[in-house]
Amino acid sequence: MALDEQYKPQVIEQAAQTFWQENRSFEVKEDPNREKFYCLSMFPYPSGRLHMGHVRNYTIGDVIARYQRMTGKNVLQPMGWDAFGLPAENAAMNNGVPPAAWTYENIAYMKGQLKSLGFAVDWSREVATCTPEYYRWNQWLFLRMLEKGIVYQKTGTVNWDPVDQTVLANEQVIDGRGWRTGALVEKREIPMYYMAITQYAEELLADLDHLPGWPEQVRTMQKNWIGKSHGVRVGFPHSIGEGGTLWVFTTRADTLMGATYVAVAAEHPLALHAADNNPELAAFIEECKRGGTSEAELATQEKKGMATGLTVTHPLTGEELPLWVANYVLMGYGEGAVMAVPAHDERDFEFANKFRLPIKQVIEGPEVAAIRRSLQGGITEHGESFDNLRNELRGLEFTPDEWKLWYETKYGTCIHSGKYDGFDFEQAVDAIASDLEAKGLGEKKVTWRLRDWGVSRQRYWGTPIPIIHCDACGDVPVPDDQLPVVLPEECVPDGSGNPLNRYEAFRNTTCPTCGGAAQRETDTMDTFVDSSWYFFRYTCPDATTMVDGRAGYWMPVDQYIGGIEHAILHLLYSRFWTKVMRDLGLTKVTEPFANLLTQGMVVAPTFYREGEDGRKQWINPADVAVQTDEKGRPLSATLTADGQPVVMGGIEKMSKSKNNGVDPQKLIEQYGADTARVFMMFAAPPEQSLEWNDAGVEGAYRFLRRVWLFAHDHRAVIAAGRGASIEPSALTDGMAGARRQIHEILQQAETDFGKYQFNTVVAACMKLMNLLPNVPDAEARGAVVAEGMSILLRLLSPIAPHITHDLWRELGYGDDVLDAAWPRVDEAALVKDTIELVVQVNGKVRGKVQVPAAADNAAVEQAALTDETVARHVEGKTVRKVIVVPGRLVNVVVA
RNA sequence: GCGAAAGUGGCGGAAUUGGUAGACGCGCUGGAUUUAGGUUCCAGUGGGGCAACCCGUGGGAGUUCGAGUCUCCCCUUUCGCACCA
């Protein structure tokens, strides 16, 4: 007994976890007679240790899984490892250990960490993507997609480090330079395999409307990413080289009459042709190749361009338009060429303004017409009349604001457009498209922003692409009976290219078709392939095919939980793979994730000192003391070790680079898993970012200890009251009031649980805990306290499973709170005789009145007007109307 | 640059979705217990004012009897941008 009275999380958590393990509490089987619930958290990359983001993600998932189980569902919650990827290669370069050994070691350690958090995971279904048993199905499906024409080959642009002679990931390019060598990175075109996700663009877009369980913002982001746009393909005839037509795509064909030049990407064939006898242009094109390939980098770089000296012909006016090469036009996007309408496109305007290209207004909307009227006869900042200005544009430089004032009109009426004058957007597009079509120089067209998915990676630690290159037979798919193509696990990358290229035993093979000597493809697959279907494999991890019938029971995932940073790529690729699998007859589901919860980041304060070289040295918050004023406002911070000041760097995402991480392991050792879980659920709602706070952790611990101590102090009371039936009408007013509050809190908690708003669920549990010691010492106290405690334990059990597991048994409620029935509100406990109404005068609160719950509006009005303060504010004024919101408030409108 | 969000006390956040702004927790202040530190317990805590009251949800306008919530403009911060996962 004496030992019991202290809250010792390490002891009870160990005992609870042993109980679950011995009883195989979380291993589940398909049961067609029970409603299933597939609860899935995004699997971790085995980086070495869990970070707080993991802990938060898996705690949210675990709370949902345990809650759904208590509502009676057959709940599957699996776990596995996204085990291929770049960090393993980087680790190998640093410490000489092969990526495989490093990865498996990390998995073993992190699995132990996950177990110590008490997650209700069915570990018998564990999957690691770096095992041949898993990735053989990446290869198998790749080959099926190749057969169906969904996988194909073409060239793609990569970041090339000329010193290390290797391809770099975008992450490895810093300010246009290789992260290890510091060399200027170049763009390089290499052959790659692609997955034709654009074949599914229409369906991927349309099905977003059938995902009501996804956050609106994620659906919008995906919609914009897919980017369906209706426009016109326009041809500009030219006589460059052997002559031909330069094609562009535009969504604004109504502005075609305002096109004043045409720009192509540096890699465009016409640009290359023009450069043949123009060294200056050739140098410029070379310059455009510098820098990385990421869209953000390309879009924010300074706009550069150079005239080719060549022209193309405007398809409608016959006018000759200058042909430019511009770094803001991308070869891999659309036609690699654009028509430029500086008057009605901000980027074109900026470019035209810089290079003094003509600007021709062809659209006028109501806003601009109004400005024109106001300026009529007036003088602009440039000292010229508006109409003169338009004629003089060629010689003037404009600020973007000036341009906006005169020309920015989204949609309007065509002007200066010959036969199209007076047409609106739709009429102009229709007329121009049909005129172009008649000349064979254009037609209406739908285009997509979405591009096909390049899956080839020039890296070692990934799924080998199952292709064999034979001099005689070409590129030959590896036959199914030779799968998997097993990745050798002993290589150690050194930063210069893919070690598989030098690994003869892997590379050299025989051609499956002719039997002659041949070479394996050494590129591996993008790791997004691994994560695009792992949720299928969990349902049948030992299947001898890619998936089997068990997937039919569990899929789709009922609740998917993961970081918002995956809102587009991972989720889109997974949706695509699921549809491909469906078309191959492997599944009936068309969307993998019915409901999606995108959790926020874990952030923490940062501190630093500036070194002599001006570099910031980041100091861990654990080593810093913050001084506050008497209201608790932070004033300054000092390093605990030397007492000298450090700079407060603001709140940032927990990261190694800012040295503001908190190690979950230390937290668990100090306070236990339940405290960690309660704090994480309490400090913020799941979708918002969560600010780490050591004092807040203490608060969570204090709360759990109070629960523990109260339960132990009131064992006898609870034992006596447990199971006793409560007759609401026989309770004293005080007791009925206490019981009503308990059920009101339960009602609120129920709603919040349904919304997955766990921070207020914890708040509800705290309120219950504050209430229970104050239940009046009267008849039926034991029964009410026992009821309240059983509600508290059940509400809390998904969040703090260990302490509630222990207390549920200790207090004699049952064997296992895991399968206890979810608490239900007793409507009879909620009944009130009188209610309090707020009385406002002209919208300001002036008083409160008690009225019978059944009072009608007239009686309520009467009561409101007799309130002393209200009467004072109404006195001498005319009551215009009285608004009564039943059960809420009365608003007296006076004048 | 493009796309998507967020902004409420000293801090994390709450607000039945248009109806009492600040639940719950942290911090802070005062008190009790303790040899002391810690723990625990009690009280207070948006700002101003003796008070009546006034002000207050990033800034500015608007709709409404009533706006943190709806509409428009602006500012700031965060996430994603196709080879980090």
Side-chain angles (χ1 to χ4, degrees), chain A residues 42 44-45 47 82 85-87 156 158-159 167-173 215-218 220-221 223-225 227 292-301 303 328 332 346-347 449-459 526-528 531 563-570 572-573 598 600-601 603 628-634 650-653 679 682-685 687-700 702-703 709 747-748 751 757 759-760 762-767 770 836-840 842-845 848 872 880-883 885 888-889 891-894:
Chain A
M42 290 181 186
Y45 177 81
S47 55
D82 187 13
L86 205 50
V158 293
N159 304 304
V167 175
L168 298 179
N170 284 339
E171 187 192 51
Q172 299 170 314
V173 179
E216 185 67 41
Q217 88 239 37
V218 175
T220 307
M221 279 192 266
K223 225 168 251 184
N224 292 334
W225 184 264
T293 58
S294 84
E295 191 174 308
E297 193 181 331
L298 294 168
T300 50
Q301 71 192 354
K303 286 180 185 42
Y328 74 92
E346 204 159 350
R347 281 191 316 178
R449 207 187 83 93
L450 182 68
R451 310 200 294 263
D452 280 342
W453 173 16
V455 295
S456 295
R457 296 291 178 272
Q458 298 68 47
R459 278 188 242 298
D526 181 3
T527 54
F528 273 125
S531 55
I564 181 72
E565 66 272 21
H566 296 290
I568 296 177
L569 291 177
H570 162 60
L572 193 63
Y573 292 144
T598 50
M601 299 176 304
V603 298
T628 60
D629 69 8
E630 56 183 21
K631 292 221 163 171
R633 294 187 194 94
I651 309 285
E652 302 260 12
K653 179 178 180 173
F679 170 72
F682 181 55
E687 303 200 307
Q688 285 182 33
S689 65
L690 180 149
E691 190 176 322
W692 193 260
N693 182 327
D694 289 330
V697 176
E698 288 274 358
R702 269 204 290 272
F703 163 63
L709 291 174
Q747 191 174 39
Q748 182 64 53
T751 312
Q757 189 173 303
N759 55 331
T760 50
V762 176
C765 291
M766 288 172 169
K767 279 188 201 172
N770 292 340
E836 188 183 68
L837 291 183
V838 167
V839 186
Q840 299 180 330
N842 284 350
K844 296 201 173 186
V845 179
K848 288 169 191 179
R872 183 148 44 81
R880 287 286 152 89
K881 59 177 159 175
V882 178
I883 290 153
V885 183
R888 284 274 157 73
L889 59 70
N891 190 11
V892 183
V893 184
V894 298

Next item on the list: Using the C1' atoms only, state how far B/U77 lies from B/G58, rounded to an integer number of Å.
Entry: 11 Å
Next item on the list: For the residue pair A/Tyr573 and A/Trp453, categorise the inter-ring angle as parallel (less than 30°), tilted (30 to 60°) or perpendicular (more than 60°).
Entry: parallel
Checklist line | B/U16 and B/U69, which share atom name P, separated by this distance in whole Å | finding: 13 Å
Next item on the list: Determine the Euclidean distance between corresponding C1' atoms of B/G44 and B/G10; express it in Å to zero decimal places.
Entry: 16 Å
Notebook entry, point to check: What is the base-pairing partner of B/G1, counting Watson-Crick and G-U wobble geometry with both distances under 3.5 Å?
Noted result: B/C81
Notebook entry, point to check: Looking across every strand, which nucleic acid part, if any, lies under 4.0 Å from A/Glu295 by heavy atom: base, sugar-phosphate, or nothing?
Noted result: base
Notebook entry, point to check: Across all strands shown, which nucleotide pairs with B/A52 by Watson-Crick or G-U wobble geometry, both distances under 3.5 Å?
Noted result: none
Next item on the list: Taking atom C1' in both B/G68 and B/G56, compute the distance separating them and give it to the nearest angstrom.
Entry: 11 Å
Check: Which value, in whole Å, describes the distance between the C1' atoms of nucleotides B/G27 and B/U76?
Finding: 26 Å
Checklist line | Gap in Å between the two P atoms, one belonging to B/G12 and one to B/C50, rounded | finding: 31 Å
Note to self: Please classify the nucleic acid contact of A/Met42 as base, sugar-phosphate, or nothing, using heavy-atom distances under 4.0 Å.
What the structure shows: nothing
Next item on the list: Please work out if A/Ala683 contacts a base, only the sugar-phosphate, or nothing of the nucleic acid, heavy-atom cut-off 4.0 Å.
Entry: sugar-phosphate
Notebook entry, point to check: When the nearest nucleotide of RNA chain B is assigned to A/Thr760 and to A/Ala299 on a heavy-atom basis, which residue is associated with the more 5' position?
Noted result: A/Ala299
Check: Does the B/U20 base have a donor-acceptor partner in the side chain of A/Arg888 within less than 3.5 Å?
Finding: no
Check: Base, sugar-phosphate alone, or nothing: which one does A/Arg702 contact when heavy atoms must sit under 4.0 Å apart?
Finding: sugar-phosphate
Item checked: B/U39 pairs with, by Watson-Crick or G-U criteria that keep both distances under 3.5 Å -> none
Notebook entry, point to check: Counting any heavy atom closer than 4.0 Å, what does A/Val882 reach on the DNA or RNA strands: base, sugar-phosphate only, or nothing?
Noted result: nothing
Note to self: List the residues meeting salt bridge (charged side-chain N to carboxylate O under 4.0 Å, His left out) with A/Lys223, not counting sequence neighbours, and say none if there are none.
What the structure shows: A/Asp209
Notebook entry, point to check: When we call it a touch if two heavy atoms are under 4.0 Å apart, what does A/Gln688 touch: a base, just sugar-phosphate, or nothing?
Noted result: sugar-phosphate
Item checked: Residue whose closest nucleotide on RNA chain B lies nearer the 5' end, A/Leu889 versus A/Lys881 -> A/Leu889
Margin query: Using a 4.0 Å heavy-atom cut-off, does A/Val838 contact any base of the nucleic acid, only the sugar-phosphate backbone, or nothing at all?
Written below: base
Check: Tell me, do A/Val838 and A/Arg888 make a side-chain contact under 4.5 Å, heavy atoms counted?
Finding: no
Margin query: Need one value for A/Thr300: base, sugar-phosphate or nothing, where a base atom within 4.0 Å counts as base even if backbone is also close, heavy atoms only.
Written below: base
Item checked: Sugar-phosphate, base or nothing in reach of A/Phe703, heavy atoms under 4.0 Å -> nothing
Next item on the list: Could you let me know what B/G44 is paired to, Watson-Crick or G-U wobble, both distances under 3.5 Å, or none if it's on its own?
Entry: B/C28
Checklist line | Distance, C1' atom - from B/C41 to B/U34, rounded to whole angstrom | finding: 12 Å
Margin query: Tell me which nucleotide, if any, is Watson-Crick or G-U wobble paired with B/U57 when both distances must be under 3.5 Å.
Written below: none
Next item on the list: Under 4.0 Å between any heavy atoms, over every strand shown, what does A/Ser689 touch: base, sugar-phosphate, or nothing? Just pick one.
Entry: sugar-phosphate
Margin query: Ignoring hydrogens, what is the shortest heavy-atom contact between A/Asp82 and A/Tyr45? Give both atom names and the distance.
Written below: O-CD1, 3.0 Å
Item checked: Inter-nucleotide P distance (B/U64, B/G13), Å rounded -> 34 Å
Item checked: Syn/anti label of B/G58 as read from its glycosidic torsion, with the cut at 90° from 0 -> anti
Next item on the list: Would you mind classifying the nucleic acid contact of A/Val167 as base, sugar-phosphate or nothing, using non-hydrogen atoms under 4.0 angstrom?
Entry: base
Item checked: Base orientation of B/U34, syn vs anti, 90° cut from 0 -> anti
Margin query: By the 4.0 Å heavy-atom rule, please label A/Lys848 as base, sugar-phosphate, or nothing.
Written below: base
Notebook entry, point to check: Now, which nucleotide makes the Watson-Crick or G-U wobble pair with B/U20, with each of the two distances under 3.5 Å?
Noted result: none
Notebook entry, point to check: How would you label the contact of A/Gln840 with the nucleic acid (heavy atoms, under 4.0 Å): base, sugar-phosphate, or nothing?
Noted result: base
Next item on the list: Could you tell me whether A/His570 contacts a base, only the sugar-phosphate backbone, or nothing, with contacts defined as non-hydrogen atoms closer than 4.0 Å?
Entry: nothing
Notebook entry, point to check: Mind checking who B/G66 pairs with, Watson-Crick or G-U wobble, both distances under 3.5 Å?
Noted result: none
